[in-house]
Amino acid sequence: MTGALGPDAQPAEPRIQWREILRRAGWLESIGIVGVPAVTAIAFLAPWLTPFDPLQRVASAYLAPSGEHWFGTDEIGRDLFSRVLLGVHNTWVPGLAVIGFSLIVGSVLGLISGLIGGKLDLLIQRLTDLFLVLPATMVVLAVVATLGPGLVNTMIAIAIFWWPWYARISRDEIRRLRARPHVEAARIAGVRGLRLLLRYLLPGAVPALLIAATLDVANIVMTMSLLSFLGLGQPAPAPELGAMTARALDSLTVHWWLPILPAAAIFLLCLLANLAGDGIRAALRGA
């Protein structure tokens with residue numbers, strides 16, 4: 001019979017190519033979609049891309065931006081461009097790690113909750129609600145203050161309170177997809193358990209999780225920058241964008257590049273992440 005769906009049939013979900021995604025997203029959002037992978041590559045390679053040692057004095061203090069020192073030098077004489085570049089590494093890479101951990105933990109719990117249901121679903125949802133009702137930023141600040149300043153402690157504190165959002169999204173998507181005709185047909189045809197999840201449910205939940213994760217990168221960057229701004233990040237002289245901005249605020253009217261350029265890097269990272277999230281959401285809408 002034409003159109004019948006057997007156990008080995010694939011769900012009727014369109015596959016979107018990157019060229020099609022960029023066309024649907026629009027030119028501005030496409031900058032974000034292309035920019036996020038570029039920033040990610042730069043962030044990973046930053047320790048090898050810095051033109052000068054970011055921890056050592058290389059010139060006179062307070063040199064303005066020039067051809068030799070693109071972002072000028074700081075109060076000690078360290079190259080600010082090298083420090084900002086390494087600051088991007090210390091903010092972006094840990095942020096992606098937190099997103100990855102939260103996405104995996106939250107998605108797995110949400111998938112289990114939505115697929116199995118019953119008392120297990122109720123238990124996971126109550127646990128998720130417990131974390132969602134807490135003021136995340138305040139609790140993260142308290143956790144970092146308790147554990148002590150440091151990159152690992154910051155990542156742990158943020159990751160603890162970030163996974164519930166993905167658990168809620170994946171659970172809702174699974175429950176929605178279970179009622180779709182192609183999933184019902186697959187179940188009638190005898191597809192069950194892990195095979196049903198991997199072939200018919202998980203691919204449909206990926207777009208919503210991808211959009212949420214992309215948009216969350218900006219939130220993670222802002223949260224990590226806030227913690228370092230308050231002195232709860234890595235100890236000096238490790239370059240962090242928030243800490244570099246905080247330490248140079250007194251020099252704003254005299255040596256403007258010291259606080260402005262690290263803050264501009266934070267703004268650019270958040271802007272690219274938000275543009276990428278908006279573009280992917282627009283491209284996948286209705287797919």
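All values below come from the heavy atoms of this structure, side chains included, with hydrogens, waters and symmetry mates left out. Just so you know, these numbers come straight off a predicted model, no measurement behind them.
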Engineer: Please report the closest heavy-atom contact between Thr154 and Val144, naming both atoms and the distance.
Structural biologist: CA-CG2, 4.0 Å
Engineer: Could you go step by step and tell me if His89 and Phe44 meet the side chain to side chain contact (heavy atoms under 4.5 Å, CB included) rule?
Structural biologist: CA-CA 6 Å; His89 170 82; Phe44 274 101; 5.5 Å; no
Engineer: Taking only residues two or more places apart in sequence or in another chain, which ones pass side chain to side chain donor-acceptor pair (under 3.5 Å) with Ser82?
Structural biologist: Asp79
Engineer: Tell me, please, which residues at least two apart from Arg176 pass side chain to side chain donor-acceptor pair (under 3.5 Å).
Structural biologist: Glu173
Engineer: Going by the rule ring-ring contact (aromatic ring centres under 6.0 Å, His included), which residues pair with Trp257 if we only count those two or more places apart in sequence or in a different chain?
Structural biologist: His255
Engineer: Quick check: does any side chain N or O of Arg83 sit under 3.5 Å from a backbone N or O of Pro54, one acting as donor and the other as acceptor?
Structural biologist: yes
Engineer: Starting at OG of Ser107, measure out to CD1 of Ile112 and round the result to the nearest 0.5 Å.
Structural biologist: 11.0 Å
Engineer: Measuring from atom OG of Ser225 to atom CD1 of Ile266, what distance do you get when rounded to the nearest 0.5 angstrom?
Structural biologist: 3.5 Å
Engineer: Any salt bridge (charged side-chain N to carboxylate O under 4.0 Å, His left out) pairs touching residues 232-260, not counting sequence neighbours?
Structural biologist: none
Engineer: Once side-chain contact (heavy atoms from CB on, under 4.5 Å) is applied, do any residues pair with Ala238, and if so which ones, sequence neighbours excluded?
Structural biologist: Gln234
Engineer: Sequence neighbours excluded, which residues qualify as side-chain contact (heavy atoms from CB on, under 4.5 Å) partners of Leu210?
Structural biologist: Thr214, Ile280
Engineer: For Phe81, what residues pass the ring-ring contact (aromatic ring centres under 6.0 Å, His included) criterion, not counting sequence neighbours?
Structural biologist: Trp70, Phe71
Engineer: Output all residues satisfying side-chain contact (heavy atoms from CB on, under 4.5 Å) with Ser113, sequence neighbours left out; order by chain, then residue number.
Structural biologist: Asp121, Ile124, Gln125, Arg171
Engineer: Return the set of residues passing side chain to side chain donor-acceptor pair (under 3.5 Å) with Asp216 (not counting sequence neighbours), or none when no residue passes.
Structural biologist: Trp162, Tyr166, Asn219
Engineer: Taking only residues two or more places apart in sequence, or in another chain, which ones meet Pro94 in a side-chain contact (heavy atoms from CB on, under 4.5 Å)?
Structural biologist: Leu151, Met155, Met224
Engineer: Could I get the full list of side chain to side chain donor-acceptor pair (under 3.5 Å) partners for Asp53, not counting sequence neighbours?
Structural biologist: none
Engineer: Quick one: ring-ring contact (aromatic ring centres under 6.0 Å, His included) pairs with a partner in residues 120-145, sequence neighbours left out?
Structural biologist: Phe131-Phe161, Phe131-Trp163
Engineer: Are the side chain of Thr73 and the backbone of Leu63 linked by a donor-acceptor contact shorter than 3.5 Å?
Structural biologist: yes
